[in-house]
Student: 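Quick one: this structure, given as structure tokens, is what I'll be asking you about.
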Amino acid sequence: LIYYFWLHFHAGKCQLMQGIFRKENTDKALKYGIYRHLPTYEKIIRNLVSFYTKNVIDIFFDESISETEKTEIIDEVQGSIIDSIPSVNQVQIKIPETDYQGLKRTIEIIEEKEGVLAATSDIVVPIDMSSRKEFKAENPKKDYTNKADWYQKIGAESFEQYKTSHINVGVVDVGFDFNHADVDIVDLSKIRSKKKDHGTHVAGIIGAKHNSYGINGVLSNCTLYGYDCLPDENQKPYMMSQSCMLYGLIACVEKGCKVINYSVGFSEDEKNLTDIEKYEMGNNWSKYMYIMLHRAKIRQSGNKDDFIVVQAAGNGYRKNKIANIKGRDASNTGFFACIAKENCYHKDDISVNDILDRILIVANAEEKKDGYILDVTSNGGEKISVSAPGDNVYSTVKDGYAMDGGTSMAAPMVAGAVAGIWSIYPEMTGAEVKNAIVETAEDKVKSNPKAPNSADNNQNIPRHIG
């Protein structure tokens, strides 16, 4: 749990004190601005829980490859470019439709080519939008610091005692109020969600202004960048493409964000992921981590382009509409939580540990008389890095302030702490910052007997910011 924390350096040591098949021949896709291809259902094949687009591949090229060589590689697989991200030398191509094994084989052929760093399929997933509700916002010009007791619980006021350097923090989420009086968010989005609360609530926890009204974010000396990974709001469950969500990572890192918060995950209405699905998703998402770390290394900029991803562990599984949500293993929330040693993509210049050491998965802990216990709705298990008090969290929403809860609220507390440590000790690497957060935690969060599947026989979860 991120609870009372702080750090001192003595002799260089850090101590923390706490498909569906296509029906007709069409290229049409829902396109939400740059790199937001979300195909219609006719272009998607469902494989149990996850979906993949059966004729789309994302390719990352080496910086040294020529345009002619790129064209030759794409032509060999009968591909055509449908989108690109020049800053990371990535293209998204459409190939002749095939089954999943055919798609995998095409990816293997592409990755064998000289000048290709990585290639991935584009997974489309149902995401957890359970917190996307309309809030009755309270008056935005009053002082609500007394309601935001989480600020004291995690010891965030400790940052005020230190001189911090300015730091950029990214928030990849859904729904931002880019005109909120108490939290400034730089818009990286091309299209915005109609509802403006979830991303705003998350951003406020990290960096709401320290002024005479509203709440205080964990860290005031930061610039927040928001990327609205808008789903197709006409589809249920809400669907989101991998390429769209991971463009948020690219956009934030390119803006110099040292910490990127993802308070998103698989829908609580979906069943557990299979081992194959976890493997494939983790492998895909690790490729994006590899690319961004590879680019940082070849730029020889020290730790200037280093970063950490913080992801919410997810809020369990609902068997039906009336059943209570109970936590499960956090690997079922998908995305970065699926990355493991056995599926982590890497090459000689970037190791598996380089990637894993820059991912934090955050659970939600509930305070009891005898300490902290994993919240019954929070996912848990071996994937959890740390926990934070995510219940009844008061933060910013459209036109004011409101209460919300879940791992979505716990994660930005950790993201704010990561940013705070890095802003005081900018010479640290991402791996060192994660180590400072995780390894020096003293207290433990007990497993919750009401949600036995959330722990998967894992030992007690470290509590933190404390």
Side-chain angles (χ1 to χ4, degrees), residues 1-7 16-18 135 137-171 173 176-186 196-226 257-259 261 263 310 362 364-365 367 386 388-406 408-424 437 464-466:
L1 169 82
I2 106 183
Y3 189 54
Y4 176 76
F5 89 101
W6 200 226
L7 56 120
L16 278 174
M17 310 179 338
Q18 311 298 340
F135 293 93
E138 298 199 51
N139 190 324
K141 290 299 182 180
K142 289 185 178 180
D143 184 357
Y144 294 112
T145 52
N146 63 320
K147 287 192 174 184
D149 59 346
W150 58 266
Y151 185 82
Q152 287 73 38
K153 285 183 178 181
I154 68 173
E157 69 274 4
S158 300
F159 284 117
E160 299 171 14
Q161 304 171 19
Y162 291 82
K163 182 179 180 180
T164 59
S165 58
H166 192 82
I167 190 167
N168 294 344
V169 180
V171 180
D173 213 292
F176 293 93
D177 180 359
F178 291 103
N179 299 308
H180 199 286
D182 203 18
V183 57
D184 293 332
I185 310 170
V186 180
K196 300 181 179 181
D197 289 326
H198 194 269
T200 308
H201 201 275
V202 168
I205 295 168
I206 298 170
K209 300 174 185 176
H210 290 201
N211 49 32
S212 60
Y213 61 89
I215 66 162
N216 291 340
V218 176
L219 188 67
S220 62
N221 192 16
C222 68
T223 297
L224 295 169
Y225 287 84
C257 293
K258 306 291 286 183
V259 190
N261 188 90
S263 285
V310 178
V362 183
N364 174 18
E367 189 174 15
V386 292
D391 284 336
N392 300 319
V393 175
Y394 202 72
S395 184
T396 49
V397 295
K398 183 179 183 295
D399 299 328
Y401 306 85
M403 201 82 74
D404 203 356
S408 284
M409 282 64 249
M413 295 181 194
V414 176
V418 170
I421 293 172
W422 227 335
S423 69
I424 296 171
I437 289 286
H464 205 56
I465 298 183

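This one's a predicted model, so the numbers in the text were calculated from it and none came from an experiment.
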Student: Grab the two heavy atoms, one from I215 and one from T396, that are nearest each other, plus how far apart they are.
Tutor: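 So the minimum-distance heavy-atom pair works out to CD1-N, 4.2 Å.
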Student: Please collect all salt bridge (charged side-chain N to carboxylate O under 4.0 Å, His left out) contacts where either partner lies in residues 198-215, sequence neighbours excluded, each pair once.
Tutor: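 Pairs touching residues 198-215 that pass the test: D184-K209.
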Student: Does H180 reach the main-chain N or O of G400 with its side chain, forming a donor-acceptor pair under 3.5 Å?
Tutor: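 At least one qualifying donor-acceptor pair exists.
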Student: If the condition is side chain to side chain donor-acceptor pair (under 3.5 Å), which residues does N168 pass it with, not counting sequence neighbours?
Tutor: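 Listed in chain order: nothing, the list is empty.
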Student: Does any part of the side chain of N179, heavy atoms only, come nearer than 4.5 Å to the side chain of D177, both counted from C-beta?
Tutor: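 When only atoms from C-beta onward are counted, N179 and D177 do touch, with a gap below 4.5 Å.
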Student: Under the rule for side-chain contact (heavy atoms from CB on, under 4.5 Å), what residues qualify as partners of N221, not counting sequence neighbours?
Tutor: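 If we apply the side-chain contact (heavy atoms from CB on, under 4.5 Å) test to N221, skipping adjacent residues, the hits are T164, H166.
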Student: Quick check: does any side chain N or O of N261 sit under 3.5 Å from a backbone N or O of V171, one acting as donor and the other as acceptor?
Tutor: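 Judged by distance alone, no pair lies under 3.5 Å.
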Student: Between S408 and H198, does any side-chain donor sit less than 3.5 Å from a side-chain acceptor?
Tutor: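 A donor-acceptor contact under 3.5 Å links the two side chains.
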Student: Tell me the closest heavy-atom pair linking A417 and I437, and the distance in Å.
Tutor: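 Heavy atoms of A417 and I437 come nearest at CB-CD1, 4.1 Å.
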Student: Looking only at heavy atoms, which two atoms of S263 and D173 are closest? And how far apart?
Tutor: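 Taking S263 first and D173 second, the nearest heavy atoms are CB-OD2, 3.6 Å.
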Student: Can you name the closest pair of heavy atoms from V310 and V362 and give their distance?
Tutor: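 Taking V310 first and V362 second, the nearest heavy atoms are CG1-CG2, 3.7 Å.
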Student: For K398, is there any backbone N or O sitting under 3.5 Å from a side-chain donor or acceptor partner on T200?
Tutor: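 Looks like no, no N/O pair under 3.5 Å.
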Student: Show the nearest heavy-atom pair for residues V218 and W150, with the distance to one decimal.
Tutor: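 Distance-wise, the nearest heavy atoms are CG2-CZ3, 3.7 Å.
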Student: Step by step, work out the side chain to side chain contact (heavy atoms under 4.5 Å, CB included) result for K153 and M413.
Tutor: CA-CA 11 Å; K153 285 183 178 181; M413 295 181 194; over 6 Å; no
Student: Nearest 0.5 Å, what's the CG-OG distance between L219 and S423?
Tutor: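 Going from CG on L219 over to OG on S423, the span is 5.0 Å.
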Student: Name the orientation class of the two ring planes belonging to Y394 and Y401 (parallel below 30°, tilted from 30 to 60°, perpendicular beyond 60°).
Tutor: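 Rings of Y394 and Y401: parallel, under 30°.
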Student: Quick one: salt bridge (charged side-chain N to carboxylate O under 4.0 Å, His left out) pairs with a partner in residues 409-424, sequence neighbours left out?
Tutor: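 As it turns out, there is no salt bridge (charged side-chain N to carboxylate O under 4.0 Å, His left out) pair with a partner in residues 409-424 once direct neighbours are skipped.
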Student: Check side-chain contact (heavy atoms from CB on, under 4.5 Å) between N392 and all other residues, then give those that pass, not counting sequence neighbours.
Tutor: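 N392 satisfies side-chain contact (heavy atoms from CB on, under 4.5 Å) with M403 once adjacent residues are dropped.
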Student: Check whether any side-chain N or O of H201 sits under 3.5 Å from a backbone N or O of V393 as a donor-acceptor pair, and report yes or no.
Tutor: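 Yes, H201 side chain to V393 backbone: donor-acceptor pair under 3.5 Å.
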Student: Could you tell me whether the side chain of N364 and the main chain of A410 form a donor-acceptor pair under 3.5 Å?
Tutor: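 Not confirmed, N364 side chain does not pair with A410 backbone.
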Student: Determine the minimum heavy-atom distance between G207 and V183, stating which atoms define it.
Tutor: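 Of all heavy-atom pairs spanning G207 and V183, the closest is O-CG2, 4.2 Å.
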Student: Could I get the full list of side chain to side chain donor-acceptor pair (under 3.5 Å) partners for Y225, not counting sequence neighbours?
Tutor: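 So Y225 forms no side chain to side chain donor-acceptor pair (under 3.5 Å) with any residue.
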Student: Once rounded to the nearest 0.5 Å, what's the spacing between atom CG of N216 and atom OH of Y151?
Tutor: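 Those atoms lie 5.0 Å apart.
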